[in-house]
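In what follows, residues are counted from 1 in the order of the sequence shown.
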Amino acid sequence: MNVYADNAATTAVSDTALAAMLPCFQEIYGNPSSLHSPGQRAAERLAAARETFARRLGGDPREITFTSGGSEADNQALRSAAALGARKGKKHIISTEFEHHAILHTLEALEKAGYEVTLLDIPPDGVVTAEQVKDALRPDTCLVSVMFANNEIGTIQPIPEIGRVCREAGVLFHTDAVQAAGHLPIDVQAMDIDLLSLSAHKFHGPKGVGVLYARKGIPLVNVIYGGAQERGKRAGTENIPGICGAAAAFEEACANLEKNAAYLEPLRDKLIAGLTAIPHTVLNGDPKRRLPGNVNVCFEGIEGESLLLLLDGKGIAASSGSACTSGSLDPSHVLLALGRPHEVAHGSLRLSLCEYNTPEEIDYILAEVPGIVSYLREMSPVWDELEQGKRPHLI
Ligand SMILES: *Cc1c(COP(=O)(O)O)cnc(C)c1O
C-alpha cells in the first residue's frame, strides 16, 4: 500500500485546481500587462483570482499581492513592517522560537541590519499566549510575527487574542498562515491581522505561488525589483496558471473546511492514540489545539531518519520534521524549542494527513509503525542502555 502522509511538506494538486490551470497554458496565455485582448483575458483571470483570495480572507483585492510562495511572502511582510518601523524610529521585532525558517532567517538578516529581535519561548503545549506577546512589547516594537499554526507540531496559536493585543498597542501584526490557510477559518478583520502569508501548495494548489495580504495603508517594500506588476511591489510577469490554480484550490479548500476537519480529526486522533500506546513515546504539542491532520510524536531510543527510510520501504511517506531540516543532522528547532532533549527530538515522526487519506491507510500505518520502532530499538545501543537502566528514560 502507498500512503502519502506528508501533506505539511506539500500536497497533490486537486482536480479543481488543475482544471483551472490548464486553459492558462495554451488558450489564455497572454501577458496581463498587454493592452490587447489576449492580454486582457489573462488580466481578467488575475483579477478574479485576487478577488477570490480577498473575499475568502476578509480583505480587499487591493490588499492581495501574489508572490513566488510562502517564503517570499514572509520575507516581504517582515521587511515591509521593519522598514515602516525604522521610519518611526522603532526597530524592535517580536516573534517566536518555532517559526518557519522563512521567518527566522529573515529576522537574522534584519538583526544584522540593526534591528532587535525577541523570540518568545514555546510553552510545553506548543501554544504561545497573548500574555507572552503583551509582556514582550516595548515602546520601540514595530512588528509582532506569530505563525497561525506550526508546520511541525501543528499547534494552533491564539491569533485573535494576539491580534487584539497588537492592535491595542498600535503594533503591526503579521502571521505566517501557510499551514493554516485552507485548513482553518481565517478572517483578517475579526482577527486584527495586518499582514498574512500563505502558500498554494499546502492546500492542493500548485507550487511556486504565494499570497501576501497587507492591510490598506501598509506600504510594501520590494523583494524583487523590475516592472510595475502587483502595483509595483512585486516585479515579474504574473504566473497566471499558478495563480488561477491557487485561487481555485483556495476556494475549494475554504468551501470544504469544516467537512475536511470533521473527516480528519478522528483519523488524526486514532493515529495519536495508536502511536502513543507504543511504550516510551510522547506526543508533541497539544492533543486538540492542533491542525486537523497533524500528528507528531517522539519515540525514545531511535533515529527519526532510520524510521523514515523503513517506512518508505513500506510505502509510507512521512517526515521527521520540516522538509527543510530533514537531511541535516541537527534535530528540529521546533522540538528543541518545545523543550525536548536532543536525543528525544532525534526520534521524531510527523504524519500530516489530508482529505485524500483513507481510514484503511491509517490502519496500515498503525499496523506497520510499532514493528519498525521495535526493530530499530533492538538494534540501538542507546536503547540497550536505557533498558538495562544504565541511563534514565527521558520519556
Ligand atoms: C511551507 C511553509 C513555508 C514556505 O512556503 P513555500 O511556498 O514553500 O515557500 C513557510 N511557512 C510555513 C509555516 C510553511 O509550512
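Residues K233 and N222 form a side-chain contact, since some pair of their non-hydrogen atoms from C-beta on lies under 4.5 Å apart. Counting heavy atoms from C-beta outward, L78 and S145 have side chains that approach closer than 4.5 Å. Using a 4.5 Å heavy-atom threshold, the side chains of L212 and F66 count as separate. Counting heavy atoms from C-beta on, the side chains of F98 and T155 come closer than 4.5 Å. Within the 4.5 Å cutoff, no side-chain heavy atoms of R377 are placed close to those of D384. Counting heavy atoms from C-beta on, the side chains of N296 and L335 come closer than 4.5 Å.
A side-chain donor-acceptor contact under 3.5 Å links Q40 to the backbone of S34. Using a distance-only test at 3.5 Å, with no hydrogens or angles considered, no donor-acceptor pair links the side chain of E152 to the main chain of S332. When atom types are taken as modelled, the side chain of S352 and the backbone of N7 share a donor-acceptor pair closer than 3.5 angstrom. When atom types are taken as modelled, the side chain of H280 and the backbone of I395 share a donor-acceptor pair closer than 3.5 angstrom.
Atom CD of Q388 has more than 12 heavy atoms from other residues, nucleotides or ligands within 6.0 Å.
A donor-acceptor contact closer than 3.5 angstrom links the side chains of S14 and E252. Side-chain contact, D176 with S197: no donor N or O sits under 3.5 Å from an acceptor N or O. Counting only N and O atoms by type, the side chains of R138 and T118 include no donor and acceptor under 3.5 Å apart.
Note on V165 and L120: same hydrophobic cluster, where clusters join Ile, Leu, Val, Met, Phe, Trp and Tyr whose side-chain heavy atoms are under 4.5 Å apart, directly or indirectly. M191 and V171 fall within the same hydrophobic cluster, defined by Ile, Leu, Val, Met, Phe, Trp and Tyr side-chain heavy atoms under 4.5 Å apart, directly or through other members.
Using a cut-off of 4.0 Å between Lys/Arg side-chain N and Asp/Glu carboxylate O, K88 and D140 are scored as not salt-bridged. A salt bridge links R234 to E72: at least one charged side-chain nitrogen sits closer than 4.0 Å to a carboxylate oxygen. Of the charged side-chain nitrogens involved, at least one lies within less than 4.0 Å of a carboxylate oxygen, so that E230 and R50 count as a salt-bridged pair. In summary, R391 and E385 engage in a salt bridge, as defined by a charged side-chain N under 4.0 Å from a carboxylate O.
Taking the six-membered ring where tryptophan is involved, the planes of H101 and H105 are essentially parallel, since the angle between them stays under 30° and well short of 60°.
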